[in-house]
Each structure stands twice: as structure tokens, then as C-alpha cells.
2 protein chains.
Amino acid sequence: MGTKITLKKIAKELGLSTSTVSKALSDSYEISQDTRDKVKAFAKLYHYKPNSLALRLRNQRSMVIGVIIPEIVHHFFSTVISGIEYGANERGYNVMVCFSNDSYQKEVLNIEMLAGGSVDGFLVSIANETQELSDFRHFEDLKEEVPLVLFDRVHPKINCDKVIVDDFGGGFLATQYLIKTGCRKIAIITTPDHISVGLGRKKGYLKALEDYKINVNDDYIIKIDQKKDIKEQIEKLIDLPIRPDGVFAVNEIYAATAMKIAQDRGLKVPEEISFIGFTDGYISQFSNPSMSTLAQHGYEMGKKAIALLINRIEAKEQDPLFKTEIINVDLKIRNSTKKLT
Amino acid sequence: MGTKITLKKIAKELGLSTSTVSKALSDSYEISQDTRDKVKAFAKLYHYKPNSLALRLRNQRSMVIGVIIPEIVHHFFSTVISGIEYGANERGYNVMVCFSNDSYQKEVLNIEMLAGGSVDGFLVSIANETQELSDFRHFEDLKEEVPLVLFDRVHPKINCDKVIVDDFGGGFLATQYLIKTGCRKIAIITTPDHISVGLGRKKGYLKALEDYKINVNDDYIIKIDQKKDIKEQIEKLIDLPIRPDGVFAVNEIYAATAMKIAQDRGLKVPEEISFIGFTDGYISQFSNPSMSTLAQHGYEMGKKAIALLINRIEAKEQDPLFKTEIINVDLKIRNSTKKLT
DNA sequence: TATCAACACGAAATCGTTTTAGTTTACATT
DNA sequence: AATGTAAACTAAAACGATTTCGTGTTGATA
């Protein structure tokens, strides 16, 4: 530790100026071949690496993208990040990821840490708490400095490029499939309405019920409070006097939890009760029966988001019009639902 | 964009020097109350935030920890990172995460990106490819600059503090439990031997067989090649003429995949064949039957690792002796194994 | 012998901040 | 009137790099 080798040290050691050393290392024609060789050999010997901080400060560019996601233990976000990484590397950028843990304060902290020169742009999926508080000043401030693209968990109040999943379409598709396979008492396990994705999925669910002229039953709409015991809240649904015969859950965990509860009650899946989840992750793949679900193309979303961001970063002048791209979802039928006849 | 407010701009605007502005903002006694107020008001109005790059360059400290993990879609690593974050925040540090995707080149790239002032220390879990190539020069170079702590996937050739899971003990415990519940044809689904954790778990498995005087059958030792189809490789094991009656898999996915294959073959779990996995993640929790597994305390591991690292960072003089901490594992018996009688 | 160009290198500015070491100015003390 | 000193600032160096603009030396040309 502490033996960091710098241009200055090389210069001193070789009796040259820092400018000469810098130029020699970048093979400038201004420097004689002799000196170039000498400097390069010395630099190599001492493992010289330019200080990236200094470089960034000088160049006013970092070639780094900051990503902030709410949860780390989340298959969908993982795939989004893969897509982001791919698109970023393709265009010479690196990616740094921070986690807000769905906390407003941590989101602000992370942004402050990465802002101010550290990254050239931000890719953010908003923390639940921030959506709840509806306080977006940190994003507004940020936008003056570097471009921002929101993905998945977005908010209309923030004016920037966005990439979202077709939550409405997904909710509709899932509910429609349940209806078409004979379910009539269809429940939805969703989030409180301030979570954008949950709301969109619920709207799709309601639209499908409406289209097929099925009455909405408020008992069948469960809004999970993350702070309380999730299992207990879902048990109430399954144990309803008039049990639902089809359940659409807005994420994998709710879906898998609900199915387990139903199985514990001795119910046959999908004959007596069907389940559709959202996100095609490991839980859906490995559950038994395997879970029918809406595959969200996280990888595509990541690629789209990073493309939008880099375009903004590299744009000579900013387009005042912001785009919102919608990534479609695919209904993936497995064995937690009945087959179409 | 482009309207970044700096000390210099504030100074110019108010007709002061940058030093005065800097001091005013930090409430220096050298500056009159009047000027302080004026500067602060102005700074607030224009959302002034010190450029963190400049600060780091000046202070030669970033209060940021760089974490590099091989895979993102991995429950265990997620929990480790939670622990790291907790410990880091507690001592005033922030955390940045990069992913090597198990690629040697990306690992080197990530380190280069974060080194040179960006972070005060590194927490790394080595990429598979790096373990395979056995090329650790990037770590050696790194260690001259900032402290390094390795976790989970480590290597004896790298001389630094380490935190590992008790892989050997876990392998032993799992195998012993299978033996005690009547299994005699016990298979292991593991990784190639160059992966440190797989090797440790296999050694535990072998030790248990030896202790209980059960012959080792090489057909029952499957080393999964990640580049090939995982399912196919596991099918070969389950379809062996003399089928194993107990399977210990070194991770969740192998365990769940194996169990699904067995169930597809109509085998009863655990009566005809038992399964134990490693890592207590969502897959184990939601599989059916739920998976017996070795719970690795990732959160603890993260907290231990960050503690070791920060101690190094803040130490006046370096302790030439490096520690290796071992985090114990707990056997969590669920329903994929028989009960002890 | 001036003049000029080419060569090889160095000085200084710059990025944005903090901090040490001055420098004014005004006022009080002797 | 000379000196001291506190108050309120500013200049300049430092962090580590790049780059623009010089500058001194050499050798060739007019």
C-alpha cells in the first residue's frame, strides 16, 4: 500500500518533465524514440496505471454508467442488468450498480455518491418508498447534471426517457387466459396502488374482467403490505368462504407463496385453482407444478434503457422530447394453469 | 445538462475567491457571518454539490468500497452484499458493485475501472474463469494500492484476508445426514475441481463416506460443465442403471434440477431418492417438496468481510499476517430428505 | 552569417476542491 | 505616530493527469 506510482514520480526518477512522460506513454511524435522506450520500460516495470480519478476530472467524462435498483435479490433486475452491461460494454462504457433497498434515503445517498463526475449517466428503477413519498427532487437536481433514464419502476412526474414493461397488457393477458380456461372467480395479488407496476397490472386485470363481463369482487383484490407477513395476507384470500378458482399474482414470490398455501390446503393445482405469476425466474421454473407466468424480457429492457441513455449522453444537443419505450411481455403457459381447449 | 455549478462559478458570481467560498460553505471562522450566509444561500439556490471526483482526488480517500462478484442472479451473493452494505454504511462507507460474469477479462476490467482512487478497498469473489486460468496478477498489482479481501470464492495463491463458508463441513454434514437417513448410494453433483467451493464441498462428501465406510463410486461424482447443458449432465446420473438413493448438490439449481428430473421419472422424493442442496434461497424454499439444504449465512459473511476490509483500510500500519475467517453452515432439513429416526 | 525548420523537450493551464500561508484593512494600543 | 493584532479575505499549492503553447538546440539553407 501507499506505493502508488504516478507520472510525477516517473518524471522525477528519469529526470524528465511530467508532460514528456505523458506524451511518451501515448507515443507522441514529439518525443524521441529513445525517450519513449525508456519511459515505457520504466512504467511497465513499476506497473504504472493512470489514476482514473484524475483522468475523469480532466476529461470531464468517466465512461461509467450508474445503475440504481431497489432490490438485489430479484431475478428480473438481474436480467435487466445483464442487458445494460451488454449494451454499455458494446459502446465502451462500464457499469456500476448500487442498491436502494427500496429506501428513499438510500436512493438519495446513492445518487449523491455517484453524481458529481463519477458517472456519465444514470439508469434508475425507483425505490418503493420514493414512490410512496412521491418526492422526486433528487432526480430533478440530477437531471441538470447528467442524463437520466428510468426503467421498470417509473413515475409520470419525472420528465425523462423511460423504459417500462407492458404491465397493463400483461395483466390483461394473464386474466384473459384464466377466463378462457374456465376460471370465473379470479383473484389478483398485487401491491399498493402507489407502485407503478402493480397498478398497471391491476388495471389490465380489471379490463379483462370488464371485457368478459365478470363482476369485480373486492375481496379478490389483495394489496400486499410488504411490511407485514406476506403469507398471512395471502392465506386470507385462499381461505375465503367462496374460494377463488384462479389467481393472478404480480410477482413470482406472491404466486409461489399462494400456490404453496393452496397445496397445503389440499387443493389440486390447476384443476381446482390456477395460478399465473409475473416474471419468469427461477422460482417459476422450479416450482412444482411449474408456474405459468408472464415472461418480462429484462435483457431487452436493459439494452433499450442503456441505448436511450448513451444516446442522450453522446447527443450534441438534447432532444426536449422524452420517449417512453414499452417492452412487451409473453404469456408462458406451464402447469399451474389449465390448458386451453 | 452542462450547467454544473462549481465553486469557481459561485466565487465569480459573488465576486469572491474560491477559497472564501469553500470556507464559507464549511462554516469557517475566518469568514464573516454575512459572507457565509450569502454564499450558502447562493449555493442552495443553485443546488451546489461538491464534485466528488475532485474531493476524492484531493482527499485521497473515497469512502467507497468496490465489490466484484461473479454472478448477479444468485441469491447467496445477494445476501452477502446486504451484509456488506450494512457493515459499510455503519462505518460511513458506500458500496459499489460490479459483475465479472465469471469472466477473467471482465474481472480485470472492473478492477481497473475501480482502482486508481475510485475506491478505498476491494471485496472480491473470484470469477470461475480466473480460478481456471489461475492468473492472479491483477490482484497482486491491486494489493500494492489498496487493501483486498476475498470472500467465498478464494484462492490460496492470493495472500490476503479471506472469508469463506465452511464448505468442507457443509459437505460432510449433508452427506452424513443422507447416510443417517438410510441412503447408501450417495451421489454428489459438484463443479470442476478448480472451483474452490465445489472442491471443498466434495472433500466433505468424501470424508463422510470414508468415516462411514462407504465405498466411493466415481459414477456418482458428477462435475458439471457450465458450458454444456446442465440438465443433460444430471439426467445421466439419475438414469444410471444403479440409481443413487441420495443426492447432494453443491448449489440450489443443481439440486432443484436433479429433483425435477427424478420426479419426471416418477420417483418419489424423498422415499426413493433424497436431495440436499447448498444455499437456502428462493429455489429451495419454493420447490415442491421443499428442499433440504445447507444454509450459508451470507449476511454474516458480508459483515465479516467488510469489517476485515475497513480495519485494513483504517489501520495505521499493516498487519503482515492475513486472516481467513470461516463462516459455519447450518443443515436445514425440509421435505426432500427423510427424517432421522 | 543570418534565417528557418525540425526536433526534443518543458512550462503552465486545466479539471474542482481544500488548505496553508500570506495579505490587506481597520482599529486599538502604547 | 509607530506598532500590534484581529478580522476577512486571497493566492497558491496540492491531488494526477493531459494538452497547448513555448523554448532552446541543432543543422541546413540562402
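None of these values were measured; they are calculated from a predicted model. So that the names make sense, note that chain A is the first sequence line, chain B the second, and so on, each numbered from 1.
- Note that the first and last nucleotides of DNA chain C, 5' to 3', having any atom under 4.0 angstrom from a heavy atom of chain A are C/dA8 to C/dG16.
- Here chain B contacts DNA chain D (any atom closer than 4.0 Å to a heavy atom, that is under 4.0 Å), and the contacts span D/dA8 to D/dG16 from 5' to 3'.
- A donor-acceptor pair is defined here as one N or O able to donate and one able to accept, closer than 3.5 Å; no such pair exists between the side chain of B/T18 and the backbone of B/K8.
- Sorted by first and then second residue, the salt bridge (charged side-chain N to carboxylate O under 4.0 Å, His left out) pairs involving residues 42-55 of chain B (not counting sequence neighbours) are A/E112-B/K49.
- Heavy-atom distances under 4.0 Å link DNA chain C to A/K23, A/E30, A/I31, A/S32, A/T35 of residues 23-38 of chain A, given in residue order.
- For B/S134 (side chain) and B/T130 (main-chain N/O), no donor-acceptor pair under 3.5 Å exists by modelled atom type.
- Between the side chain of A/Q318 and the main chain of A/R312, a donor-acceptor pair closer than 3.5 Å is present.
- Comparing the helix axis at one end of the helix from C/dT1-D/dA30 to C/dT30-D/dA1 with that at the other, each defined from 5 consecutive pairs, gives an inter-axis angle of 90° (nearest 10°).
- In terms of the ring-ring contact (aromatic ring centres under 6.0 Å, His included) criterion, A/F76 has no residue partners (sequence neighbours excluded).
- A donor-acceptor pair under 3.5 Å links the side-chain atoms of A/Q131 to the main chain of A/S196, judged by distance alone.
- Checked by atom type and distance alone, the side chain of A/E107 never pairs as donor or acceptor with a backbone atom of A/S100 at under 3.5 Å.
- Pairs passing the ring pair (Phe, Tyr, Trp, His ring centres under 6.0 Å) check and including a residue from residues 38-64 of chain B, sequence neighbours excluded, read B/F42-B/Y46.
- In summary, B/K4 and A/E145 do not engage in a salt bridge, as defined by a charged side-chain N under 4.0 Å from a carboxylate O.
- Pairs of residues two or more places apart, or lying in two chains, that qualify as salt bridge (charged side-chain N to carboxylate O under 4.0 Å, His left out) and include a residue from residues 90-103 of chain B are B/R91-B/E314, B/D102-B/R153.
- In the region residues 47-55 of chain B, proximity to DNA chain C at under 4.0 angstrom, judged on heavy atoms, holds for B/Y48, B/K49, B/P50, B/N51, B/A54, B/L55.
- A donor atom on one side chain and an acceptor atom on the other are not found under 3.5 Å apart for B/N89 and B/E85.
- Applying the side-chain hydrogen bond (donor to acceptor under 3.5 Å, both in side chains) test to B/K40 and every residue at least two apart in sequence or in another chain returns B/D27.
- B/S17 and B/S19 share a side-chain donor-acceptor pair at under 3.5 Å.
- The stretch residues 14-21 of chain A touches DNA chain D through A/S19, each having a heavy atom under 4.0 angstrom from the strand.
- Among residues at least two apart or in separate chains, there is no salt bridge (charged side-chain N to carboxylate O under 4.0 Å, His left out) pair with a member in residues 121-132 of chain A.
- Atom CD of A/Q105 sits in a sparse spot, with 12 or fewer heavy atoms from other residues, nucleotides or ligands closer than 6.0 Å.
- Using a 4.0 Å cut-off between a side-chain N of Lys or Arg and a carboxylate O of Asp or Glu, B/D135 and B/R137 qualify as a salt bridge.
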field: B/F139 and B/H155: CA distance, side-chain angles, deciding distance, ring pair (Phe, Tyr, Trp, His ring centres under 6.0 Å) verdict
entry: CA-CA 11 Å; B/F139 292 122; B/H155 198 280; 9.9 Å; no
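- B/T6 comes within contact range of the sugar-phosphate backbone alone, with a heavy-atom separation under 4.0 Å but no base atom that close.
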